[in-house]
Every structure is written in structure tokens, then in C-alpha cells.
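Beneath this line is the structure, given in C-alpha cells, with notes to follow.
Here is the naming used below: chain letters follow the sequence lines, and residue numbers restart at 1 for every chain.
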2 protein chains.
Amino acid sequence: MNTADLTFAKRFDGITGSAIREILKLMGTPGMISFGGGNPASSALPEETVSRLCQKVLKENGKNILQYGTTEGYAPLRESLAPYLKRQFGFDAKPDDILPVSGSSQAMDLLCKALINPGDVILVENPTFLGNMQCMRLYQASVVPVESDEGGICIDKLEEAIVKHHPKMLYTIPTFQNPTGKTLAADRRPRIAALAEKYGFVVAEDDPYRDLRYSGIPLSSIKSYDKAGLVVFMGSFSKLISPGMRVGYIAAHPEILRKCIIGKQSADVHTATLNQAVVDAFFRENLLDGHVESICKSYGLQLKAMLEEISFFPAGTRYTRPEGGLFVWAELPEGINTTSLLMKAVERKVAYVPGTHFFAEGGHENTMRLNFSNSPVERIHEGMSILKQVILDAMQ
Amino acid sequence: MNTADLTFAKRFDGITGSAIREILKLMGTPGMISFGGGNPASSALPEETVSRLCQKVLKENGKNILQYGTTEGYAPLRESLAPYLKRQFGFDAKPDDILPVSGSSQAMDLLCKALINPGDVILVENPTFLGNMQCMRLYQASVVPVESDEGGICIDKLEEAIVKHHPKMLYTIPTFQNPTGKTLAADRRPRIAALAEKYGFVVAEDDPYRDLRYSGIPLSSIKSYDKAGLVVFMGSFSKLISPGMRVGYIAAHPEILRKCIIGKQSADVHTATLNQAVVDAFFRENLLDGHVESICKSYGLQLKAMLEEISFFPAGTRYTRPEGGLFVWAELPEGINTTSLLMKAVERKVAYVPGTHFFAEGGHENTMRLNFSNSPVERIHEGMSILKQVILDAMQ
């Protein structure tokens, strides 16, 4: 026998790899204006600070940092995270309730590992982050979309879906959602926590964009309303410091966290300690707030430029007006297929992600996700203007 | 409902967390002579070099290093690994056949994810590395032990088990095995590759200790005899540079590697690029060989000290005489229970891991794994002498 006859695990049936990551590979072409990724701006990546902090933490604590760490994570970082979570997200977590992980994708992976049997239902926003949908599918979950409106997931539709599907989990990105940029309305947040308690399911609250707010008022997390211990909060420093460093975290009830820790033991033993220590040093030196503030200043202008340009898109285009995050979501006039449009856009050196990939059941061929964080203002004007022309050409 | 009523995934049935990691937590007590972990010596951890290399790679390539990377890994590291694998392990792999991962535990996790359905049989050495057994069990594999002798896994017993159990995979640590320190005999290596081809299963060849050889002659990997593409090679820099950095790799046939890459997309997107770049810089600056040579010099003396002391253990003790790696394995006279002995040893400030945990089916209560890498020679003499006394006391 050879590999041609090899049978892979059933969890791979129908899984072909993240469409987005395959598209993103095409986007590395020189001169491309990419609205496609979810990448921070190059200027937002603090390589000099990270370099200095690497030196500092390795000098102060190098032997511990290079030795095996505990799966539970680097203790100083867990201590730094507790007051940060209280301040920014409005919930109490002791250091022991927090597990540093290798990016918030791992948070999702560990939570599915802890909870999901094949066939279990996970409710998701429609559309939602496709990377985590792939994760759910690798755990052979049945991914069921729930309708959203301008205020995020619709509570009545959610309750209907709960009653009908008996979900194990609801996965939600409540703030500046990926891909739509929408924010879950303040009054829906306690209601989701209450539904979890009433019907008995876990809420996976994925909130990596929350600190990137350019207007409006910050809202409390769903977790802050969690009385039953059923809301699991997943955070990340990918958008605030660096995605390449792969540091995120889970804050959860000890019962749930314990399973995540056991799952992590055999997933990667622990998250690289140097990376945890560098993030911790951002807290200890009080660098995070100032850094995020400077990022927000430019991202806000980039968002403004994108919203300005998108207002010139053909009549019938609908789009979101996010107060933060990285994405604007557009629904083009009916009949336009953004997947076939992409090839034409790429020829003219502009890229985006077709929206269909973010829908659990596909369809919605006329939608697209546009990222503004990774392009300077002039390039946004230029790229959006080309994109408008590409759309107009397609409409003829 | 609250968390008390939560049902976790079936994969956790019977999983209680790695016994070894729980034991290791007890071992942090000041003054403890720990033969318990698999930790490199503190003096073997190159914090100054890592600090310098962090600065260097962040200066040269900081924006790329902090940005999202590809799941496939940092291209320069893949290029550095190909000739290293040829030179040290004797097999050809193109950079595209190599996937950097977050420590070789992740290699095992991704391989199980790619291949294992619940109930599939994985054959393992008896005893074997318990961390990876936990991984297999979380994939609900049926873990079936195969007898070993001084030359590693017994080929006739292996073939019997293959015919009987139709395994999906054989997991083996061929060089300075964890926990026994045994090395698979040269003539058995091509035979294992041939059995995989004949019967159609994957060989997971886990070889993190290979470069830590203090005597004898290096052997070619099983992978070097792999004609069918069924041998997956898993390596690590945890023992050579730093476990805290979490950098390992998989070398495999593209069909298998592709599934591992898709599995990794939703596990942690990619391994932290800074960590990959630092390991790559060890290659580019030609630092690895010299560093490993200096490690081997001291570890060889530590092994010698441990073998000297163990020769004074009570009559009836049997033990391995490894040519490298981190571990000596001891079988005490019948009737001694190393689990109850451990408490007494810890009271006298000496720790080890009871051997029973390394057996798929438990038992073997009179065995223990002794690590020599993490204790200086004087401490090995002292600790082994105490341990001998603790055993003698227990025999009275």
C-alpha cells in the first residue's frame, strides 16, 4: 500500500481547507491592494518594542522562559490579564480562570475539543468567521446559522433555533463582528447569557476586536452577565500587538477551563513562554493602551476613507458602518457574483474575500468582506475606486 | 442550568490529565532533586543566544515576523530543515514536505486528527511516552501495546499485532526512547517501513532525542527506508534548543502533510513566526552543532553518574544503559511499588516518575523513569544514593 490508498479520518469529509487562506496566498503579488485579509497594518506592528521586550524578559527570566512551562500558562501573564478583563470587558476572572493559548483559534479548538461530539449543534451568526466554522466542522459539529440584523444576532430567532436544535454551543463575535463589522446591541447581551442558563448551552464569546473602537461607546461583554458559568470568553492579542506572536486566552468557569487545559496538554503542551512574557511585558510597562490608541487613530481614518468610497458604489449596494474593528461588509446589487468578480478585480490589482464563504450554508453570492486595516488611506481610495469600476463593468 | 450539569465531549471519558504533569507540579519544591521531568539542564538553555537572535531577526524581518504567517510555516526554516534532515536522519525531504509545528506534541495531535477515527487501533511500544498516549486517547483511538526487548520493538510481535488488530498507525520513538532510553536496532528499521507498506498503516516516527548521542553510532531513521510514503517523521527542538520555544516539525508525504496543514489552520493558524525564525537563525549561523556538542558533553557525564549509582541499587534491579537521550529506566525487585515509594522519596527530596503511567495497560508497578539531564553530576550522586536508601527501607 502507499499513500494513494490511505483513508483519512472522517472529520475531513467535505473539508477542503480554509478558502480564505487559499485566496490570501494569491494576494501576495507585488502592487496588489488587498482588502482581503484580516491583517493589522504593517505600521501597527511594534517590532522594536517586541525586540526590546524579548531582550528584557530573557535577561530577567531567561532560564524559566526557555524551559518547559506549565500548560496553565505563564503566571505573570495570567495575573496581568485578570484586571485587564475587568477593566475592558467588565467581568471578574481570577488568574486561575484564565488560560493563555496560542492565538484565539486555539481557544475555539480547545473549547470544541472539550464539548463537541459529532452531530452536536453549534449555532452561529449568519455570516460568521469562516476559520472557526472550519474548526467546528473538524469536530463534526452541525453548524446552524441564526439570522442577524443591524443589532447583531436576533434574540427571537436565536430562541427559536435553541428550541428547535438543542445546541451545545452558541458561537458569537459580539463586537465589530468578522465579517460584518456589526456590534451586538447592549440589551441583547444579558439576554444571551440568560438564554444559555435557561436552555443549558455554552456561549463562546469571541471578542478580539473590542479594543479597536473608533467611535461610539464600549459595551459590556456577554460574559459580564454570566451567572451560570456558561459563557466562555475568548480573547487575542493578534489585532492589538501581533498576530505572528500567536497569543490569545480563554477565560472560563474552572470546570470548563480544566477540560481545555487537559486538551491543551496534548495539543501543544503550553503556549511558547517567550511570547506570553512579551505580551505580559506590554502590560507591566503599561504600553498596551498607548499602542492601541495610536493604532485606533489610523484605523479610524482608514475606515472613514473606505466608507466614503463605498458610498460611491453602484445604487443598490448595501453596506455596514462599523464603529470599530477591521471590516466593512458589502452586499452588491442582486445578480453580481463576487467570486467571479474577484478574478477581474485581482487582474486590476485589488483583492477582497467573497462573502459566500462566511455563510454556514453558502449562497449570498453578491456579498464581500472588505478589510481596511491593512491599506493606507490613499490606497483605500485608489483600490475602492478600481473596485467600483470593476463592479460597474460587470453590471453592463 | 449551570456548569455542574454540563456534559463534556465523550473523548474525555476516562481522561484525567497527564499524570506526569501533575506529579511534576509537586517537584518545584526548593531543594528537590528531580529525576522526574524530561527537562533540559538549565545550563543547556541558550538565553543569551536566543536574545541576540530575537533582536537580529526582528531587525532584519520584523514586520513579516509579527504579521500573520502561513500555516505551512516560515519558509526559511523549511529550507534550513531539508538539508538537516538529510544529514542527520538520512532521508530526502523538500521544504514543501516539512511543516513546522508548535512542538512535536502538536505533530502527534495533527497526525491523529488527520488519520484517527474513534476505535482505530494505534500500536505503541510498551512502555511508551504517556503524553502522546493521552493525545491518542483524546482521539478515542484504541491504544495497543507491542512488546519490546533490548533492541526496541520486537518485529515478530509487531507483525502478530498488525495481523490481529489492523492498526491505522504505529507510534514509535526509535532512538533513546521515552521512557526506556532504548534504541531500535538498525536491522529492525527497514523492516518496520516494509511492514507499513505490506499491511497499509502509517508509522509515526517520533525522534526528538536522536542528536543527543553520547556513545555508539548514529542509525538511519525508519523514514529513510520509506518507499510508500507511509512513514511520518516528527522532530523537535525542545531538547536541542529550548522546550519553552515550542518548535517542532513534521516531515511527511504531501498527501498526509496536506491534512495536517488543514488541521493546523484551525488549531493555531500557524506556529509563532518569531520562534521559527530563531530556530532558523541557529541553522543560518551554524550554531546548532556546536551547541548540541556542548550539551552532549555534560549529559554524557550525567548519564555516566546515574549508571554508576544505579549499579548500587538492590540486587534484582534491572536497568537500561542508553547511549543517549535523557532517561534511564529501572525495574526494581518484584513487590516494590514505585507509586507508594514516590511519596517517601519526595519526603527525602528526590523525585522520579513511576513507570506504570507509561504502560498502555498499566501494571509494572515496580518500574521507574529516571531523568539525568536536569541534574548536575553531584546532585545525581546524592539523589541516587538517597533513592537507593529509600528502596532498601521499603524492602525491609
>> Heavy-atom pairs under 4.5 Å with chain A - which of B:Asn374, B:Asn275, B:Ile241 has more of them than the others?
In response: B:Asn275
> B:Met1 versus A:Leu230: any side-chain heavy-atom pair under 4.5 Å?
Replying inline: yes
> Hey, what do you get for SG (A:Cys260) to CZ (B:Phe8), rounding to the nearest 0.5 Å?
Replying inline: 8.0 Å
>> What part of B:Asp5 gets within 4.5 angstrom of chain A, counting heavy atoms only: side chain, backbone, both, or neither?
In response: neither
> Are side-chain heavy atoms of B:Gln134 and A:Ile262 found at a separation under 4.5 Å?
Replying inline: yes
>> Quick check for you: among B:Met108, B:Glu255, B:Lys113, which has the greatest number of heavy-atom pairs under 4.5 Å with chain A?
In response: B:Lys113
>> With a 4.5 angstrom heavy-atom cut-off, is it the side chain or the backbone of B:Pro254 that approaches chain A, or both, or neither?
In response: neither
>> Shorter than 4.5 Å, heavy atoms on both sides: which option in B:Pro243, B:Ser242, B:Ala228 has the most such pairs with chain A?
In response: B:Pro243
> Counting heavy-atom pairs under 4.5 Å to chain A, which of B:Leu58, B:Leu66, B:Ile65, B:Asn64 comes out on top?
Replying inline: B:Leu66
>> Quick check for you: among B:Ser238, B:Ser51, B:Cys112, which has the greatest number of heavy-atom pairs under 4.5 Å with chain A?
In response: B:Ser51
> Heavy-atom distance under 4.5 Å to chain A: side chain of B:Lys227, backbone, both or neither?
Replying inline: neither
>> Between A:Val247, A:Asp109, A:Asn117, A:Asp268, who has the most heavy-atom pairs with chain B when the cutoff is under 4.5 Å?
In response: A:Asn117
>> I want to check something: taking the side chain as every heavy atom from C-beta on, are B:Glu197 and A:Asn2 in contact at a cut-off of under 4.5 Å?
In response: no
> Is there side-chain contact between A:Leu274 and B:Cys54, with at least one heavy-atom pair below 4.5 Å?
Replying inline: yes
>> What part of A:Asp120 gets within 4.5 angstrom of chain B, counting heavy atoms only: side chain, backbone, both, or neither?
In response: neither
>> Between A:Val202 and chain B, with a heavy-atom cut-off of 4.5 Å, which part of the residue counts as in contact: side chain, backbone, both or neither?
In response: side chain
> Looking at A:Met245, A:Gln106, A:Lys63, A:Lys59, which has the largest count of heavy-atom pairs under 4.5 Å with chain B?
Replying inline: A:Lys63
> chain A heavy atoms under 4.5 Å from B:Ile256: which part of the residue, side chain, backbone, both or neither?
Replying inline: both
> Can you tell me if B:Arg11 uses its side chain to pair, donor with acceptor, with the backbone of A:Ala114 under 3.5 Å?
Replying inline: no
>> Rounded at 0.5 Å granularity, tell me how far CZ in B:Phe201 sits from CG in A:Leu6.
In response: 12.0 Å
> For the side chain of B:Gln67 and the backbone of A:Pro40, is there at least one donor-acceptor N/O pair under 3.5 Å apart?
Replying inline: yes
> In terms of heavy-atom pairs under 4.5 Å, which option from A:Lys259, A:His253, A:Gln276, A:Arg52 contacts chain B the most?
Replying inline: A:Lys259
>> Counting only non-hydrogen atoms closer than 4.5 Å, does B:Lys239 touch chain A with its backbone (N, CA, C, O), its side chain (CB onward), both, or neither?
In response: side chain
>> Among A:Cys135, A:Ser43, A:Gly62, A:Pro118, which residue has the highest count of heavy-atom pairs closer than 4.5 Å to chain B?
In response: A:Cys135
> Between B:Leu138 and chain A, which part of the residue has a heavy atom less than 4.5 Å away: side chain, backbone, both or neither?
Replying inline: side chain
> Who among B:Ala267, B:Gly229, B:Ala4 has the most heavy-atom pairs with chain A under 4.5 Å?
Replying inline: B:Ala267
> Heavy-atom distance under 4.5 Å to chain A: side chain of B:Thr7, backbone, both or neither?
Replying inline: both
>> A side-chain contact here means heavy atoms from C-beta on lying under 4.5 Å apart; do A:Arg246 and B:Val269 qualify?
In response: yes
